[in-house]
Amino acid sequence: MKSIFEEMGGTYTLGEDEMYYPDLELLIQQIQEQQGVNEELKSRDQMGWVGACNNIRNAAEEIVLNELIYC
């Protein structure tokens, strides 16, 4: 049975500690597109873009932790 993460096209990478960790790039790209965090924002307001990217990455990590780890 696939997890929601895998159904959305998510993949995993084997870490040095022999544990598989989810690759968050797909989740992050989708959220950036939904929220309009793009190159135009980056050229207009770099600090705003960095803050938005950090918030999106943290949100993606939280989603993965809640869906895969804590469930």
Side-chain angles (χ1 to χ4, degrees):
M1 184 171 139
K2 287 187 175 183
S3 67
I4 294 171
F5 181 70
E6 291 171 309
E7 288 176 4
M8 293 176 62
T11 58
Y12 296 91
T13 299
L14 181 63
E16 292 179 11
D17 57 358
E18 301 299 318
M19 300 263 314
Y20 283 94
Y21 294 95
D23 300 317
L24 299 178
E25 292 305 313
L26 179 64
L27 274 175
I28 291 172
Q29 289 174 359
Q30 290 175 348
I31 296 171
Q32 282 179 330
E33 289 173 9
Q34 290 173 349
Q35 294 186 5
V37 178
N38 53 27
E39 292 298 316
E40 180 186 340
L41 176 62
K42 185 178 180 179
S43 65
R44 265 192 342 227
D45 181 11
Q46 288 182 354
M47 292 305 290
W49 178 83
V50 169
C53 287
N54 287 339
N55 288 338
I56 290 169
R57 179 159 187 84
N58 291 336
E61 287 178 2
E62 189 68 27
I63 290 167
V64 170
L65 287 174
N66 285 327
E67 295 285 333
L68 300 178
I69 308 298
Y70 302 140
C71 61

inquiry  = Treating N58 as the side-chain partner and N54 as the backbone partner, does any N or O pair qualify as donor plus acceptor under 3.5 Å?
reply    = yes
message = So, taking the atom named CD1 in I56 and the one named CD in E33, what distance separates them when rounded to the nearest 0.5 Å?
response = 10.5 Å
query = Just how far is it from atom CG of N38 to atom OG of S43, taken to the nearest 0.5 Å?
reply = 8.0 Å
Point-to-point distance, once rounded to the nearest 0.5 Å, from CG of L41 to CH2 of W49 = 9.0 Å
Non-neighbouring partners of E62 that pass salt bridge (Lys or Arg N to Asp or Glu O under 4.0 Å), sequence neighbours left out = none
ask   = Which pairs with one or both residues in residues 2-16 pass salt bridge (Lys or Arg N to Asp or Glu O under 4.0 Å), sequence neighbours excluded?
value = none
remark   = Residues passing the salt bridge (Lys or Arg N to Asp or Glu O under 4.0 Å) test with E40, sequence neighbours excluded, are R44
remark   = Rounding to 0.5 Å, atoms CD (Q35) and SG (C53) come to a distance of 10.0 Å
Report, one line per pair, each donor and acceptor closer than 3.5 Å where one atom sits in a side chain of residues 19-29; sequence neighbours left out.
residue: Y21; atom: OH; partner: D17; partner atom: OD1; Å: 3.4
residue: Y21; atom: OH; partner: D17; partner atom: OD2; Å: 2.6
residue: D23; atom: OD1; partner: T13; partner atom: OG1; Å: 2.6
residue: D23; atom: OD2; partner: T11; partner atom: OG1; Å: 2.8
residue: D23; atom: OD2; partner: T13; partner atom: OG1; Å: 3.1

ask   = Other hydrophobic cluster members with M47, side-chain heavy atoms of Ile/Leu/Val/Met/Phe/Trp/Tyr under 4.5 Å, chained?
value = none
